Amino acid sequence: MSDVVTRFAPSPTGYLHIGGAHTALFNWLFARRNGGTFLLRIEDTDRERSTPEAVKEILEGLAWLGITWDEDPFFQTERMERYRAEAGRLLAEGKAYRCVCTPAELDARREAARARGETPRYDQKCRELRPSQTEGKAFVIRFRAPLSGTTIVRDLLRGDVAFDVGELDDLILLRSDGSPTYNFVVVVDDASMGITHVLRGDDHLNNTPRQILLYEALGYPLPRFGHFPLIHGIGGGKLSKRQDDVSVTSYRDRGYLPEAMINYLVRLGWSHGDQEIFSLEELTGIFSLENVGKSPSRFDPERLLRLNAHYIKTGSPERLARLLVPFLKKRGIEAEPSPWLAKAVRTFQERSRTLSEMADSSVYYFRPKDPDPKAAAKFLTPEMAPLFEEIAREFAALSEFTPATIEAVLHRAAENMGAKLGKVAQPIRVALTGGTVSPGIFEVMEVLGREEVIRRLTHSSATIRKN
RNA sequence: GUCCCCAUCGUCUAGUCUGGCCAAGGACACCGCCCUUUCACGGCGGCGACCGGGGUUCAAAUCCCCGUGGGGACGCCA
């Protein structure tokens with residue numbers, strides 16, 4: 001048994017987005033690959049913005065993707081005592097101090113520093129205050145960071161990155177209401193949860209030296225760190241919930257398959273030679289940090305869509321039929337997973353990129369559709385009425401109604417007209433499906449069944465004659 | 001502004017650590033052709049990149065330096 005322990009630590013302030021899922025996936029894969037443990041920690045210390053709905057949505061998203069966690073999720077709001085105790089310890093040891101600067105004062109000084117072109121940083125005003133001077137005032141607890149020196153982050157992916165400690169800050173550990181802040185809880189939690197590998201997005205690289213200082217002050221052993229490249233939005237820059245469509249569950253709801261999402265995500269910043277298609281299971285055997293790149297990538301919905309098309313095309317019809325049912329229901333079609341539905345699905349696997357598309361384009365399997373006016377004008381011409389009737393009669397006389405016997409009938413009809421098959425097939429397509437685009441017409445008829453085909457052809461010819 | 005990271009086709013990337021096999025490979029997108037009852041799928045072909053400049057070397061996409069560009073971080077958010 002390996003001793004690798006990784007985690008994904010989302011803050012439940014919204015849905016699970018592409019970036020979070022990417023981070024979760026890499027952590028999960030690294031743990032699974034190394035026979036380790038993957039944990040979930042819900043960073044809900046920001047009570048204002050955290051919601052139980054977001055927690056549910058995030059867990060659902062992960063489960064949908066097939067990313068499984070090994071223990072019940074940890075909730076930071078349930079661990080407050082631990083944070084306060086650790087902060088108290090630092091205070092007692094002189095490694096932290098009380099600061100009575102108010103948010104307004106800090107804001108003003110920060111702005112002034114910026115105006116002067118300096119790095120906004122806490123000016124350490126309260127660093128040497130005596131206890132009597134903080135008496136009766138609201139205070140926060142600040143970390144007494146070393147004043148000088150260099151902290152080196154030994155990053156698994158980027159090598160050694162040096163930070164001048166002077167650039168760092170006396171960060172706030174406990175707010176005036178006693179709640180802990182991010183950099184502090186992360187350290188306390190990662191250490192107490194036994195996290196061995198902290199793998200996260202590049203945007204946290206700057207936080208790492210601060211956290212290392214905290215590890216040292218608290219006397220915790222250091223985990224290994226690895227920062228992988230961020231996923232940028234379509235316009236470049238951080239993914240934006242406004243510009244980019246990045247909610248994982250929204251993709252699910254639009255008919256994307258989890259394996260497509262996983263496959264898409266894993267190839268962002270990671271590669272395995274020229275291979276493009278990976279299953280989750282396969283990944284747990286080959287994923288390696290060594291093949292993780294360094295430069296950011298850009299979210300490309302087109303590529304995700306294409307991958308989804310691939311998985312729809314190659315997926316099992318039975319499973320897709322099952323997944324399709326709710327999409328049909330949304331369109332007012334009550335269907336059950338069945339061999340028949342699987343057969344219907346099969347005719348659309350090569351021409352649907354999402355389950356939504358499949359549901360949209362297959363409605364005529366479930367109920368007749370009025371022909372598109374333009375298609376009707378072009379194909380449902382008067383001379384088609386007798387043809388439809390003739391073909392319907394021949395279908396009725398067939399001993400077996402299969403693509404092969406259907407094809408024979410249509411070919412004969414075309415020959416009699418001295419025309420190509422298309423001359424006959426296209427009008428029939430319109431009569432049967434209401435449009436000019438569909439799967440192969442013989443397959444469509446097989447799915448529809450002889451009775452329904454005859455009914456629709458008869459109905460169409462009657463309509464033609466009426467006009 | 002300060003600090004940090006990054007830099008190969010439009011996009012995802014292989015190649016960079018361990019220089020020569022790279023007149024740079026694959027995939028998506030795009031364009032053309034073929035297949036074909038429509039649409040797709042598929043097949044074949046095309047377009048298309050080593051950010052710039054110096055250096056090191058017999059040899060640089062690969063190593064070093066400087067520019068430039070992009071990104072991230074600088075909260076009593078996480």
Side-chain angles (χ1 to χ4, degrees), chain A residues 9-13 43-46 48-50 76 99 101-103 106-107 110 113-122 138-142 153 155 158-159 161-164 166-169 171-177 179-183 185-186 201-209 227 229-230 232 234 236-238 264 267-277 290-291 293-300 302-307 309 313 348-353 361 375 379 407 410-411 414 420-426 428-430 433 435-442:
Chain A
S11 63
T13 55
E43 310 221 323
D44 54 354
T45 54
D46 183 351
E48 299 280 298
R49 299 194 299 147
S50 300
Q76 292 185 326
C99 166
C101 296
T102 66
L106 293 172
D107 275 350
R110 204 169 5 247
R114 247 188 248 278
R116 271 178 269 126
E118 291 169 16
T119 304
R121 218 181 346 221
Y122 180 59
F139 62 88
V140 300
I141 302 211
R142 277 191 193 270
V153 178
D155 194 283
R158 293 176 198 278
V161 183
F163 291 84
D164 186 343
E167 290 293 329
L168 276 22
D169 214 347
L171 34 91
I172 292 174
L173 270 21
L174 249 42
R175 302 184 183 98
S176 48
D177 67 358
S179 67
T181 58
Y182 171 73
N183 280 110
V185 281
V186 165
D202 227 356
D203 48 345
H204 288 290
L205 184 54
N206 287 289
N207 283 145
T208 307
H227 293 89
L230 255 24
H232 286 171
I234 297 163
K238 273 186 122 176
Y264 177 69
R267 285 284 289 104
L268 252 30
W270 178 84
S271 62
H272 187 69
D274 283 340
Q275 191 174 341
E276 299 288 349
I277 301 298
E290 275 156 42
N291 299 315
K294 291 181 172 183
S295 46
S297 51
R298 194 173 288 226
F299 178 55
D300 179 6
E302 186 66 44
R303 197 184 181 77
L304 172 55
L305 183 61
R306 178 65 188 201
L307 234 16
K313 190 174 71 184
F348 271 108
Q349 282 184 265
E350 278 182 355
R351 49 205 111 217
S352 306
R353 296 177 300 178
S361 45
F379 295 105
E407 180 170 3
L410 293 202
H411 269 296
K420 287 196 162 191
L421 182 60
K423 273 286 186 197
V424 178
Q426 222 30 11
I428 289 185
R429 175 170 280 116
V430 176
T433 71
T436 54
V437 173
S438 85
I441 197 65
F442 314 132

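Numbered from 1 within each chain, the chains take letters A, B, ... in sequence-line order. Keep in mind that this is a model prediction, so the values were computed, not measured.
Taking 4.0 angstrom as the limit, A:S11 places none of its side-chain polar atoms (N or O) nearer than this to OP1 or OP2 of B:rC77. Using a 4.0 Å cut-off, no side-chain N or O of A:T119 falls inside it from OP1 or OP2 of B:rG1.
Distance, A:K294 NZ to B:rC4 C1': 14 Å, rounded to whole Å. One can place OH of A:Y264 at 8 Å from P of B:rC12, the figure rounded to the nearest angstrom. Here B:rC28 presents its P atom at 8 Å from CZ of A:R303, a figure rounded to the nearest Å. Between A:Q426 atom CD and B:rU37 atom P there is a gap of 11 Å when expressed in whole angstrom units. Rounding to whole angstrom units, CG of residue A:D107 and P of B:rC76 are separated by 8 Å. Atoms CH2 (A:W270) and P (B:rA14) sit 10 Å apart, rounded to a whole Å. A:L307 has its CG atom 14 Å from the P atom of B:rA27, to the nearest Å. If you measure from atom NE2 of A:H411 to atom C1' of B:rU36, you get 12 Å, rounded to the nearest angstrom.
Within the nucleic acid shown, A:R267 comes within 4.0 Å of at least one base atom, counting heavy atoms only. A:L205 comes within 4.0 angstrom of sugar-phosphate atoms only, judged by non-hydrogen atoms across all strands, and of no base. Base engagement by A:L421 is indicated by at least one non-hydrogen atom pair under 4.0 Å involving a base atom. As judged by a 4.0 angstrom heavy-atom cut-off over every strand, A:V161 is placed among residues touching the sugar-phosphate backbone only. Looking at heavy-atom distances under 4.0 Å, A:A162 makes contact with sugar-phosphate atoms alone, never a base. Heavy atoms of A:F442 sit under 4.0 angstrom from at least one base atom. Note on A:R110: only backbone sugar-phosphate atoms sit closer than 4.0 angstrom, heavy atoms only; bases stay farther off.
Remark: the A:R429 side chain and the B:rU37 base include a donor-acceptor N/O pair separated by less than 3.5 Å. Judged by distance alone, with hydrogens and angles left aside, A:S176 brings a side-chain donor or acceptor within reach of the base of B:rC76, the pair sitting under 3.5 Å. For B:rG26, the base has a donor-acceptor partner in the side chain of A:E276 [N/O atoms by modelled type, under 3.5 angstrom].
Closest to the A:Y182 side chain, of the nucleotides B:rA78, B:rG26, B:rG1, is B:rA78. With distances taken from any side-chain atom of A:E43 to the nucleotides B:rA78, B:rG75, B:rA29, the minimum falls on B:rA78. Counting only heavy atoms from C-beta on, A:L268 has its side chain closest to B:rC12 among B:rC76, B:rC28, B:rC12.
Atom name C1', nucleotides B:rG26 and B:rC64: the rounded distance is 31 Å, in whole Å. Of the P atoms belonging to B:rA73 and B:rC30, the separation is 34 Å, rounded to the nearest Å.
Inter-residue side-chain proximity for A:P12 and A:S50 is flagged as met; some heavy-atom pair is nearer than 4.5 Å. Side-chain contact check for A:I441 versus A:L410: some heavy-atom pair is nearer than 4.5 Å.
Between A:Y264 and A:F299, the two ring planes are perpendicular [angle over 60°; tilted spans 30° to 60°].
A:L106 approaches A:C101 most closely through the heavy-atom pair CD2-CB, 3.8 Å.
Side chains of A:T433 and A:R429: a donor-acceptor N/O pair is absent below 3.5 angstrom, by distance only.
The partner of B:rG48, taking Watson-Crick or G-U wobble pairs whose two distances both stay under 3.5 Å, does not exist in any strand shown.
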Report each atom pair, protein N/O against N/O of nucleotides 39-41 of chain B, whose distance is under 3.5 angstrom.
from   : atom 1 : to     : atom 2 : distance (Å)
B:rC39 : O2     : A:R351 : NH1    : 2.9
B:rC39 : N3     : A:R351 : NH1    : 2.4
B:rA40 : O2'    : A:E350 : O      : 2.3
B:rC41 : O3'    : A:K313 : NZ     : 2.9

**Request:** Would you give a per-nucleotide map of nucleotides 66-73 of chain B, 5' to 3', where B means the base has a protein non-hydrogen atom under 4.0 Å away, S means only the sugar-phosphate does, and - means neither?
**Result:** -----SBS
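Comparing A:I172 and A:S271 by the nucleotide of RNA chain B whose heavy atom lies nearest to each, the residue mapping closer to the 5' end is A:S271.
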